[in-house]
Amino acid sequence: MFKTVRGMRDFLPNDAEKMRYVEQVSREVSKLYGYEEIITPVVESYELLAAKTGEEIRQRMYNFEDLGGRKVALRPEFTASVARLVATKMRNEPKPMRLFSTGSLYRYDEPQYGRFREFWQANYELFGSTRPEADAEILILTNDLLKRLELQNYRFKIGHTGILRGILNQEGLDEGQQNRLMQLLDKKNWEDALANARGANVSQKGLRTLERLFETRGEDAFQVLESVKETVQEYEGALAAVENLWEIFELVRDNGEQMDVMVEAGFARGLEYYTGMIFESYIPEIDVALGGGGRYDKLIQLFGGESIPAVGVAQGIDRIVLSLNKQKVSPKTAKERSVVVISVKNESKAKALELSAMLRKAGLPVEVEVMGRAVSRALADADRRGVAYAVIVGPEELKAEKVVLREMKKREQRTVEISNLTEEILVSST
Ligand code: AMP
């Protein structure tokens with residue numbers, strides 16, 4: 001017997017519906033904020049995908065040679081593909097440009113809770129603005145999405161790559177050295193990060209500054225930033241980063257929506273292309289991030305385009321579904337309004353089809369009994385599968401232009417006029 005390949009999953013109807021629900025709400029949010037959807041291929045050139053993603057992801061890419069001898073890989077993230085488009089086919093589009101993409105991604109991660117080798121994201125990228133309004137928009141949009149999904153107690157961890165890079169630049173570390181240090185911080189490996197900095201000849205002052213930064217975090221954003229400012233006062237680049245984050249927080253605060261944040265000065269993310277604000281979203285019940293993003297102002301240039309600033313976020317659809325399950329939030333599903341239409345006798349079969357078409361026209365999901373079962377057995381089956389209503393089409397009622405409408409959960413049924421049937425179901429299901 002065949003099984004799914006390790007790290008790969010089948011989604012049976014219940015789970016598939018939840019995944020698609022989160023995707024659908026993500027798409028609605030993209031429209032509400034003016035993000036236009038693009039579809040890019042799952043297979044891209046290895047060079048493109050490897051260019052600026054983190055070392056860790058690079059090593060976990062599904063890469064292979066296609067039959068034409070091209071070195072290709074399955075995309076481990078969307079940003080490289082979107083950046084490729086923006087640097088090429090879309091380079092003359094007016095800015096700002098807001099793009100949305102959703103689909104599956106592939107990383108050869110060790111399978112564990114919330115970590116799969118094939119997973120789905122909803123991705124939002126805003127191109128053309130260096131201003132804090134753009135960063136704030138991405139945070140506000142993420143907050144809005146999680147709220148619409150009715151997730152509870154979610155929060156944001158926020159930092160700024162410019163704080164650490166500002167210090168490391170001034171200390172003379174090259175980009176490769178900086179990236180290695182960031183990888184360690186991404187893994188919360190503070191000790192090794194400090195040892196690494198020492199090995200890269202960071203000054204005593206620099207080491208003390210880093211050590212203090214790694215300990216600086218808190219929920220009062222402005223208070224944390226005041227303290228970071230003091231710690232990094234001799235590092236110009238880092239100070240500018242703190243200033244930038246301050247402006248972003250002011251905008252998020254003034255937007256009026258409640259947003260729980262934890263500011264972490266030593267926060268780093270695995271992807272190398274970030275240049276500014278970075279963040280992740282969480283719920284307390286699960287210790288992996290639901291989504292993550294940040295600003296990346298240099299990537300488009302790297303792919304041969306002009307310099308176009310960008311900020312974006314990837315929402316992890318799988319982990320959002322895990323969170324909804326964990327918090328027992330069940331989205332309104334099509335099942336709650338679903339109808340099965342059963343004809344009692346052979347001669348009412350055509351009428352059953354006609355009524356099904358009528359109900360579907362009104363937007364109700366309808367299944368027709370196709371197994372030729374007795375009404376009692378068809379009802380038992382509908383009950384087992386959680387169908388909400390049954391319409392029983394019998395010759396006696398039909399003579400009076402009526403059918404029987406059964407509310408499955410309540411185990412109640414009544415005879416209704418066919419002309420009122422749609423309305424009766426719509427009213428009782430809202
Ligand atoms: P990243 O692209 O690494 O910034 O990740 C963004 C989001 O994608 C994460 O917060 C997760 O929700 C999701 N994600 C990343 N890797 C995986 C994985 N292996 N399995 C499931 N979800 C993932």
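Just the heavy atoms: all of them, side chains too, but no hydrogens, waters or symmetry mates, feed the values below.
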Open item on the list: Go through it in stages, so that I can follow the logic: the residues are Leu164 and Met182, the test is side-chain contact (heavy atoms from CB on, under 4.5 Å), and I'd like the CA-CA distance, side-chain angles, deciding distance and then a yes or no.
Closed with: CA-CA 9 Å; Leu164 289 171; Met182 298 289 210; 4.0 Å; yes
Open item on the list: side-chain contact (heavy atoms from CB on, under 4.5 Å) for Leu251 and Ile140? Distances and angles first, verdict last.
Closed with: CA-CA 10 Å; Leu251 289 167; Ile140 290 166; 6.0 Å; no
Do [X] and [Y] sit within salt-bridge range, that is, some charged N less than 4.0 Å from a carboxylate O?
X: Glu28; Y: Lys31; answer: no
X: Arg269; Y: Glu280; answer: yes
X: Lys147; Y: Asp144; answer: no
X: Glu77; Y: Arg107; answer: no
X: Arg20; Y: Glu17; answer: no
X: Glu272; Y: Arg180; answer: no
X: Lys188; Y: Glu264; answer: no

Rounded to the nearest 0.5 Å, what separation is found between the [atom1] atom of [X] and the [atom2] atom of [Y]?
X: Ile283; Y: Ser323; atom1: CD1; atom2: OG; result: 3.5 Å
X: Thr130; Y: Arg295; atom1: OG1; atom2: CZ; result: 6.0 Å
X: His160; Y: Leu245; atom1: NE2; atom2: CG; result: 6.0 Å
X: Arg75; Y: Ser101; atom1: CZ; atom2: OG; result: 7.5 Å
X: Asp192; Y: Arg198; atom1: CG; atom2: CZ; result: 10.5 Å

Side-chain donor-acceptor pairs of residues 38-51 under 3.5 Å, sequence neighbours excluded:
{"residue": "Glu44", "atom": "OE1", "partner": "Arg84", "partner atom": "NE", "Å": "3.0"}
{"residue": "Glu44", "atom": "OE2", "partner": "Ser81", "partner atom": "OG", "Å": "2.8"}
{"residue": "Glu44", "atom": "OE2", "partner": "Arg84", "partner atom": "NE", "Å": "3.4"}
{"residue": "Glu44", "atom": "OE2", "partner": "Arg84", "partner atom": "NH2", "Å": "2.9"}
{"residue": "Ser45", "atom": "OG", "partner": "Leu48", "partner atom": "N", "Å": "3.3"}

Please check this pair: side chain of [X] against backbone of [Y], looking for a donor-acceptor N/O pair closer than 3.5 Å.
X: Lys410; Y: Met408; result: no
X: Ser281; Y: Gly291; result: yes
X: Glu37; Y: Ser30; result: no
X: Arg319; Y: Gly114; result: yes
X: Arg70; Y: Leu67; result: no
X: Gln327; Y: Gln152; result: yes

Could you tell me whether [X] sits above the aromatic face of [Y], with NZ or CZ closer than 6.0 angstrom to the six-membered ring centre and within 45 degrees of the axis?
X: Lys18; Y: Phe11; value: no
X: Arg9; Y: Phe116; value: yes
X: Arg117; Y: Tyr108; value: yes

Quick one: closest heavy-atom pair of [X] and [Y], and the distance?
X: Ser129; Y: Ala134; value: OG-CB, 3.7 Å
X: Gly7; Y: Pro111; value: CA-CG, 3.9 Å
X: Trp190; Y: Gly266; value: CZ3-O, 3.7 Å
X: Ser307; Y: Pro309; value: O-CD, 4.0 Å

- [ ] Hey, can you tell me if Tyr296 and Phe127 have their rings parallel, tilted or perpendicular (30° and 60° cut-offs)?
- [x]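 Perpendicular.
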TODO: Using the six-membered ring wherever Trp is involved, compare the ring planes of Phe100 and Tyr124 and label them parallel, tilted or perpendicular (cut-offs 30° and 60°).
DONE: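 Answer is tilted, since the angle falls between 30° and 60°.
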Open item on the list: Using the side-chain contact (heavy atoms from CB on, under 4.5 Å) definition, which of the options Thr275, Asn179, Leu181 pairs with Arg165?
Closed with: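 The single option meeting the side-chain contact (heavy atoms from CB on, under 4.5 Å) with Arg165 is Asn179.
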- [ ] Step by step, work out the side-chain contact (heavy atoms from CB on, under 4.5 Å) result for Tyr21 and Leu149.
- [x] CA-CA 9 Å; Tyr21 166 74; Leu149 289 166; 3.7 Å; yes
Between [Y] and [X], is there a side-chain heavy-atom distance shorter than 4.5 Å?
X: Tyr389; Y: Leu364; value: no
X: Asp10; Y: Asp15; value: no
X: Arg385; Y: Glu367; value: yes

Open item on the list: Is it true that, when you exclude Glu191 itself, more than 12 heavy atoms of the residues, nucleotides or ligands shown sit nearer than 6.0 Å to its CD?
Closed with: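 Not more than 12 within 6.0 Å, no.
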Task: Glu250 atom CD, neighbour heavy-atom count above 12 within 6.0 Å - done: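 Yes, the 6.0 Å shell around CD holds more than 12 heavy atoms from other groups.
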Open item on the list: If you apply the rule side chain to side chain donor-acceptor pair (under 3.5 Å), what do you find for Asn189 with Gln183, and how did you get there?
Closed with: CA-CA 9 Å; Asn189 210 337; Gln183 291 286 346; over 6 Å; no
TODO: Show your reasoning for whether salt bridge (Lys or Arg N to Asp or Glu O under 4.0 Å) applies to Glu55 and Arg58.
DONE: CA-CA 5 Å; Glu55 185 54 32; Arg58 202 156 27 231; 2.9 Å; yes
TODO: Start with the C-alpha distance between Ile248 and Asn244, add both sets of side-chain angles, then the distance that settles side-chain contact (heavy atoms from CB on, under 4.5 Å), and finish with yes or no.
DONE: CA-CA 6 Å; Ile248 295 168; Asn244 177 234; 3.8 Å; yes
Open item on the list: Let's go through Glu171 and Lys205 carefully: what are the C-alpha distance in whole Å and the side-chain angles of both, what is the deciding distance for salt bridge (Lys or Arg N to Asp or Glu O under 4.0 Å) to 0.1 Å, and is it a yes or a no?
Closed with: CA-CA 10 Å; Glu171 290 285 343; Lys205 180 183 82 180; 5.6 Å; no
TODO: Determine, step by step, whether Arg91 and Glu306 satisfy the salt bridge (Lys or Arg N to Asp or Glu O under 4.0 Å) criterion, reporting the C-alpha distance in whole Å, the side-chain angles of both residues, the deciding distance to 0.1 Å, and the verdict.
DONE: CA-CA 8 Å; Arg91 70 168 182 274; Glu306 53 187 299; over 6 Å; no
